[in-house]
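Step one of this worksheet: look at the structure below.
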Amino acid sequence: MTPTFARAPRVRIEWLVISITLVVAIAIPFYLEKVSLYWLHVLIIAYFYAILASSWSLLAGVAGQFSFGHMAFMAIGGYTSGLLGKYFGLPPLLGIPAGTLVAGLTGLAIGVLCLRFKASYLALFTIAFSEILRILIRGEYGITRGDQGLHLEMLFGATTSKLPYYFTMLALLVFSLLFMYWLVNSRVGLFLRAIREDEEAASARGVDVVRYKLMAFVITSMIAGLAGGFFAHYIGILTPNTFVLPQMGLVIAMAIIGGVESLVAAAIGGIIIQVSLEVLRDFDAWRLVIFGALLVITLRFARNGLIAPLLERLFGLGPRAEKRKKESDSHGV
Amino acid sequence: MQYFLSLCATGLVMGVIYALMALGLTLIFSILKVVNFAHGEFYMLGGYASYFLLSTFTGLHPLLAVFISGLIVGAIGLVFELIFLRPIHKGQIERPSEYAVLVTVGLSLFLMNLSLAIAGPIPRRPASFLAGTVQLGTVNISAERLIAGVCSLILLGLLLLIINKTWIGKALRAVSQDKDAASIVGINPLAINTIAFAVGAGLAAIAGALLAPIFSVTPDIGATPSIRSYIIIVLGGMGSIPGSILGAILIGLVESLGTGYFPDPTRALNYKMVYGLVIFAIVLLFRPRGLFGRKET
Amino acid sequence: MLRKLRFVFPMLAILAMVLAACQPKPPAVEPTQVAEADVIRIGGFGPLSAPGAYRSGIEMQQAAKMAVDEINLNGGVLGKNVELIFGDTEGLPERGTAVTERLITQNKVVGLIGEYHSGVALTEMEVAHKYGIPVVFSEPWSDDVTGSGYPEIFRISPSIDYYSSIASKYYAATGWKKFVFIQEDTDYGHSSAESITKQLAGYGITDVETIFADPATEDFTPTLQRIMQNPPDVLVSGVTGMGTYRMVRQACDLGLAPTAKTALYAADAQLPEYWENVGDCGQYALFTYVGLPPSLYNDKTRAFLDNFEKLYEVRPGAHAMEAYDSVYLMVEAIRAAGSTEPAAIIAALESIQYDGVLGKIWFEYGSKNPISGDVPKWMWHQFPTPSVYIMQYTEINQPFEESVVVFPREVSTGPLYTGPK
């Protein structure tokens, strides 16, 4: 029963913030290209991790599924495209969709087999899957070049400018966020949250539990695969070390510290952590100690992450505000 | 034949030591219903604790250091449980199972990087229990491994005895089966949780300290044994104590025989972890209750 | 109360992160015009954290820093101080690209030194080539590094091919016929296995088995038990770091090697933590040392080792000496060129003759003396005779300084091979 005039300016602030952020995101590379190509590179990588963190937060925060295989799906996207390019001459623009598809199919297979069980089974199974994949890629040196790394064609050919990569990654981030935002606020998202809260109750009310869980798993696997494909064709080389388990832990930390129930907050968490890892590089080993501690403490004392409550407080974004908005909407109707 | 036997001997000895670590994980899971994703880091801390104990107090007997390491890491586990896991069982946390996964993952990241920052990357090795090799029939086994195996066996036996025969064991079993009923008969489930987590962490640390003179210690050694323990507890049927002991011995044998008889010897070592992982995946798919698991209620 | 805390805590945490982020760090600071005129920047790269071999990378960074400090104490070069900016590659090829890009475009370094991993060096060299910045690689071994023929790339460490030629010459001299290699599954492990198998075949030795393993492998025992069924004349561990120490102990516990029948070769036995990790099993192990053996130390080597131990309280490996000499080579080239123009530095490096910790260093083939005929491609801008010695520990807990040089025979300090009775 919130009066509409009280809500109107808040919505306007939201749009203002979003447009300012977008303008800054679009303008900043032109400045950075003159000042520091390195920080431009850091931003591109940060967007990549933002995609991974936000899609993982969709999986974990909204659908309640704990996968340790997210980086492995990323690697499947990259390696599929790289191998197709190496052995069949497939250009990156065809290889990346192929990689996304293979990541989705692998996700489907794992989902069909695992999603019947409890959350900890999926966690254990995806750890096993990720390790098997890593060992296979290391071991099959003749095909994948193992530890030396698989060289990939650059997405934009010979150009040395980073601008096209920056805008591709930014667009990928924005579109995947928009898509996931739409998904979360659609009927699917509603069902997913219902399943997460009480699987049996949802099932009793006629929600096809396995189907919706599977859908979330496959979609996020594909997003990870897609991001992995672009990442691989930007860096130009892939090694099995890019998806070791501590690296997966880092993605989890990004999503949690940002706020696992808010896609935007998780994405911002990804960007902030990736950038601060660069800034704090001089602290060497201690910076990861700090992030480990921050992760545990955030979980215990700030369940919604560090970014999500801020977003909510300042702009009315975030999960609880969304919930409130929806409630008042339904009241209004 | 002799080759087969020697592979079996190696696998058995390692399997018994794996069992000690897996038993800790099982204990935690069956009581707290939490998979401890920091189990490998407790194992690693055990190795470092025994190294630093032995290099500080030169007169200390290596086996005594192993058990003190277990106590130290058990205490770390205790503190962690009190601060981070107890709130789950007091109902202060929304969606506790997810929280438990994440908070132990966070702990593992923290402990691994903390040890790297403090102890540095150079491999460390605590003093040996006993140098030399023991000849068992036609099979050579290092004295260290044999002692580690025997210690593990004794500890396993002791634990089984405690769990099956003593009051505290009864309380543990009661809490693992029905928390509410247990609290009605006067058992404090919160205290039992804390004890189980501390003992579980301590067991991982003892396994780590027993293997430290054999494999040396660096901050990142936890990953392989922890993944192996997950495999074992799923094989054993999450939460079953005899199941995880049998599962551990099975994995020890599979790793040893798999490496010994893999058709392409060039890759045999590379795929050592894969043999166990494949069995794990198959079991998870077709018999999620585990090979030796009891039916879940 | 709780609700408030929920808000305050994240604010504090973020504030702390922002404060930490705002503290000025040397690499993050943009070089100002004034500073640019005052110093000459040299970039270094190498693994300083996992999954890289950071144990070695950190020593390389320390040695390079020591060289720069010495140079500045003696008045710098071209009237300016030298500044070293060392980037952490984490042993990842993609990080190598990013770090090199940062050093060149942001820190404006005039030359680069270092690197430990071949796989990373191969991507770093592409970036350096793109910008035309000279590189003196200190420790990567892959033939493809100098084999690229890029004008900017120089190397003072041995190539895999060169190293294998010395190792196989030694193996041929011992008369051993049956070999088992356990190699790490990295670029180094694969390419050195390939090269040494080929070269051994040149000596008529074909009974060579190669097994690959992750350097993090815990237990080699099952494979060693299989090898015991038909023991070779020598068991070679081409796994670096902890993998080798584990394998040495496990081979010794099984009674496989070193025995009267089977000799043992252990990579990384030259490192100071060797004895702590292998115990009594370390006796009779053969190993390769890249760098001058103690019997051939010159005054500079001794001074370097003393100073390094004084500063960092550890005896450095050969990779540290290589990093140290790389810095001096780069600075001497700048001095000789009289400018920091890349082309001038490259020309100066091509004709440099420098007496360093590793002995006399020069680059035989380059634009003035192109590669022709039978000379392998990797000889381009390659220090032609890097020190590669086969050594052996003959006593338990023998200090590295007292280990025996067994090959090449001209400089050896003991018999070709000493085995257990």
Side-chain angles (χ1 to χ4, degrees), chain B residues 2-7 9-11 13-14 51 55 112-113 116 120-128 131-135 139-145 211 213-221 223-225 228 252 255-262 264-273, chain C residues 2 47-59 180-185 193 209-214 216-230 239 241-247 249-250 252-256 268 271-281 314:
Chain B
Q2 193 227 321
Y3 175 48
F4 175 77
L5 283 180
S6 66
L7 285 176
T10 312
V13 173
M14 292 314 292
Y51 171 78
S55 52
M112 186 168 79
N113 290 305
L116 179 58
I122 297 174
R124 298 292 183 196
R125 179 171 162 263
S128 180
T133 309
V134 177
Q135 191 124 18
V139 184
N140 286 334
I141 292 183
S142 78
E144 273 166 5
R145 272 190 206 216
L211 286 178
I214 301 170
F215 290 151
S216 299
V217 195
T218 55
D220 53 4
I221 52 161
T224 308
R228 187 184 289 121
E255 280 186 354
S256 181
L257 292 171
T259 312
Y261 287 107
F262 193 73
D264 176 5
T266 318
R267 288 184 168 84
L269 263 178
N270 240 330
Y271 289 153
K272 185 160 172 250
M273 275 299 278
Chain C
L2 250 172
L48 302 181
S49 56
Y54 46 89
R55 188 212 174 292
S56 307
I58 290 170
E59 272 184 11
V180 172
F181 288 83
I182 301 186
Q183 297 284 110
E184 66 179 29
D185 59 352
E209 186 188 349
T210 313
I211 295 157
F212 291 100
D214 190 317
T217 303
E218 289 172 329
D219 201 359
F220 296 86
T221 305
T223 293
L224 297 175
Q225 282 170 324
R226 189 180 57 76
I227 296 168
M228 265 186 98
Q229 300 299 103
N230 190 3
V239 183
M242 195 146 84
T244 271
Y245 306 146
R246 287 167 168 171
M247 196 194 305
R249 291 176 49 74
Q250 290 158 11
C252 155
D253 285 342
L254 286 172
L256 167 62
D268 275 353
L271 295 177
E273 64 266 27
Y274 174 74
W275 286 109
E276 176 183 320
N277 281 284
V278 298
D280 295 355
C281 295
V314 64

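Numbered from 1 within each chain, the chains take letters A, B, ... in sequence-line order.
The part of Glu209(C) that comes within reach of chain B is its side chain, from C-beta onward, which places non-hydrogen atoms under 4.5 angstrom from that chain. Contact annotation for Gln2(B): neither backbone nor side-chain heavy atoms come within less than 4.5 Å of a heavy atom of chain C. Interface remark: Phe4(B) contributes no atoms to any contact with chain C (heavy atom separation under 4.5 Å). Neither the backbone nor the side chain of Leu211(B) comes within less than 4.5 Å of any heavy atom of chain C. In this structure, chain B has a heavy atom under 4.5 Å from the side chain of Thr221(C), while its backbone stays farther away.
Here Arg145(B) is the residue among Arg145(B), Lys272(B), Met273(B) with the most heavy-atom pairs under 4.5 Å with chain C. Listed options Leu271(C), Thr223(C), Asp219(C) were ranked by heavy-atom pairs under 4.5 angstrom with chain B; first place goes to Asp219(C).
Ser6(B) and Gln225(C) get closest at one heavy-atom pair: O-NE2, 3.1 Å. Smallest separation of non-hydrogen atoms from Thr133(B) and Asp253(C): CG2-O, 3.0 Å. The shortest heavy-atom contact between Ile182(C) and Leu269(B) is CG2-CD1, 4.2 Å. Residue Ser216(B) comes nearest to Asn277(C) through the heavy atom pair OG-OD1, 2.6 Å, listed as atom of the first residue, atom of the second, then distance. Residues Thr259(B) and Pro222(C) share a closest heavy-atom pair of CB-CB, 3.7 Å.
Arg249(C) places a side-chain N or O within donor-acceptor distance of the main-chain N or O of Pro213(B), the cut-off being under 3.5 Å. With hydrogens and angles disregarded, a donor-acceptor distance shorter than 3.5 Å links the side chain of Arg246(C) to the backbone of Phe215(B). For the pair Asn270(B) (side chain) and Asp185(C) (backbone), a donor-acceptor distance under 3.5 Å is absent.
Residues satisfying the ring pair (Phe, Tyr, Trp, His ring centres under 6.0 Å) test with Phe212(C), not counting sequence neighbours, are His190(C). Residues forming a ring pair (Phe, Tyr, Trp, His ring centres under 6.0 Å) with Tyr261(B) (at least two apart in sequence, or on another chain): Tyr3(B).
Taking CZ of Arg125(B) as the start and CD of Glu273(C) as the end, the distance is 13.0 Å to the nearest 0.5 Å. Glu276(C) contributes atom CD, which lies 9.0 Å from atom CD1 of Ile122(B) (distance to the nearest 0.5 angstrom). We find the OG1-CZ distance between Thr218(B) and Arg55(C) to be 12.5 Å, quoted to the nearest 0.5 Å.
For the residue pair Thr224(B) / Glu218(C), no side-chain donor-acceptor distance below 3.5 Å is found, with atom types taken as modelled.
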